[in-house]
Amino acid sequence: MRILTIIFTALILTSCGEFSRSQKASSKEQHINSSELKINEQTVKPETEFEIVFTPRNKIEIIDAHIEGVNMYMGKIPLFFSQKDGSTYHAMGMVGVCSKREMVWQIQLRYRDVSSQLEKTATLNFVVTNA
């Protein structure tokens, strides 16, 4: 029992550990081959839902989408996109609070272009500041 307590405590203490990858944060909008991935909120706050919009140039099939920490490992947060109109996909996202004042997050969206059958990835980095 004592070993389980030690392991559990170690997992909690390291859950906000430094992530080996470091990238600069970009704006809340990214254009990829005329496709657009953006966050509809002016400011993203921890533990508050925000809308993510993807407008592809061609007809697509979404394979996988998630948010992950860039400057700290916080796990992967799944995203579930739904098609709102003929060419726009929407998802709601939410990120957690961590001990750092500024946290850099990245949206990763893997999709397949229906016409070319090529698999592509759209990414968008954004910064969340703890108040």
Side-chain angles (χ1 to χ4, degrees):
M1 182 68 175
R2 182 180 168 120
I3 292 176
L4 287 175
T5 305
I6 293 170
I7 292 171
F8 181 71
T9 303
L11 286 173
I12 289 173
L13 292 175
T14 61
S15 67
C16 284
E18 290 293 328
F19 195 50
S20 62
R21 210 171 29 164
S22 65
Q23 295 180 353
K24 283 193 163 189
S26 64
S27 68
K28 291 185 178 58
E29 189 172 310
Q30 179 75 31
H31 295 272
I32 310 101
N33 299 328
S34 299
S35 296
E36 180 183 58
L37 179 61
K38 68 179 183 175
I39 296 173
N40 264 356
E41 312 302 322
Q42 193 70 2
T43 304
V44 177
K45 297 176 185 169
E47 298 183 353
T48 304
E49 278 193 326
F50 57 92
E51 184 179 33
I52 303 161
V53 179
F54 183 58
T55 308
R57 183 179 66 180
N58 299 324
K59 185 173 176 158
I60 64 152
E61 296 170 349
I62 294 179
I63 299 166
D64 177 63
H66 65 271
I67 301 172
E68 65 180 45
V70 173
N71 61 333
M72 293 182 119
Y73 181 73
M74 299 279 289
K76 292 182 179 181
I77 303 163
L79 294 172
F80 303 98
F81 280 85
S82 59
Q83 195 169 7
K84 292 288 184 180
D85 55 44
S87 63
T88 304
Y89 295 81
H90 296 251
M92 295 305 291
M94 185 185 304
V95 296
V97 177
C98 199
S99 60
K100 282 199 173 264
R101 188 176 181 308
E102 281 193 348
M103 177 71 184
V104 181
W105 296 91
Q106 183 178 77
I107 298 169
Q108 293 188 10
L109 171 66
R110 286 189 324 124
Y111 63 97
R112 181 175 296 110
D113 186 310
V114 173
S115 61
S116 68
Q117 288 301 306
L118 292 175
E119 190 175 305
K120 300 178 181 182
T121 302
T123 61
L124 175 64
N125 286 10
F126 61 99
V127 175
V128 176
T129 304
N130 293 331

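Numbers for residues simply follow the sequence, beginning at 1. The basis for the numbers below is simple: all heavy atoms, side chains too, and nothing from hydrogens, waters or symmetry mates.
- The same ILVMFWY cluster, assembled from side-chain heavy atoms under 4.5 Å apart, contains both Ile62 and Ile39.
- Of all heavy-atom pairs spanning Lys38 and Leu124, the tightest one is CA-CD2, 3.9 Å.
- Here the shortest heavy-atom pairing between Ser35 and Tyr111 reads OG-OH, 4.3 Å.
- For the atom pair Asn130 CG and Lys100 NZ, the distance stands at 11.0 Å (nearest 0.5 Å).
- A side chain to side chain contact (heavy atoms under 4.5 Å, CB included) with Phe126 is found for one member of Thr43, Ile52, Ile67 and no other, namely Ile67.
- With values rounded to the nearest 0.5 angstrom, Met72 atom CE is found 12.5 Å from Glu102 atom CD.
- When side chains are defined from C-beta on, Phe81 counts as touching Leu109, because their heavy atoms get closer than 4.5 Å.
- Counting all heavy atoms, side chain and backbone alike, Arg110 lies closest to Thr121 at CG-OG1, 3.5 Å.
- Taking Lys76 as the reference, His66, Glu68 meet the side-chain contact (heavy atoms from CB on, under 4.5 Å) condition, with sequence neighbours excluded.
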List, one per line, each side-chain donor-acceptor pair under 3.5 Å for residues 85-94, sequence neighbours excluded.
from: Asp85; atom 1: OD1; to: Ser87; atom 2: N; distance (Å): 3.0
from: Asp85; atom 1: OD1; to: Thr88; atom 2: N; distance (Å): 3.0
from: Asp85; atom 1: OD1; to: Thr88; atom 2: OG1; distance (Å): 3.3
from: Tyr89; atom 1: OH; to: Ile60; atom 2: O; distance (Å): 3.4
from: His90; atom 1: ND1; to: Glu51; atom 2: OE2; distance (Å): 2.6

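- Contacts of Ser82 classified as side-chain contact (heavy atoms from CB on, under 4.5 Å), with partners at least two apart in sequence or in another chain: Lys84.
- To the nearest 0.5 Å, atom CD of residue Glu61 and atom CG of residue Asp113 are 9.5 Å apart.
- The hydrophobic clustering, which links ILVMFWY residues whose side-chain heavy atoms are closer than 4.5 Å, places Val128 and Val53 apart.
- The CD atom of Gln106 sits 4.5 Å away from the CG atom of Asn125 when rounded to the nearest 0.5 Å.
- When side chains are defined from C-beta on, Arg112 counts as touching Ile63, because their heavy atoms get closer than 4.5 Å.
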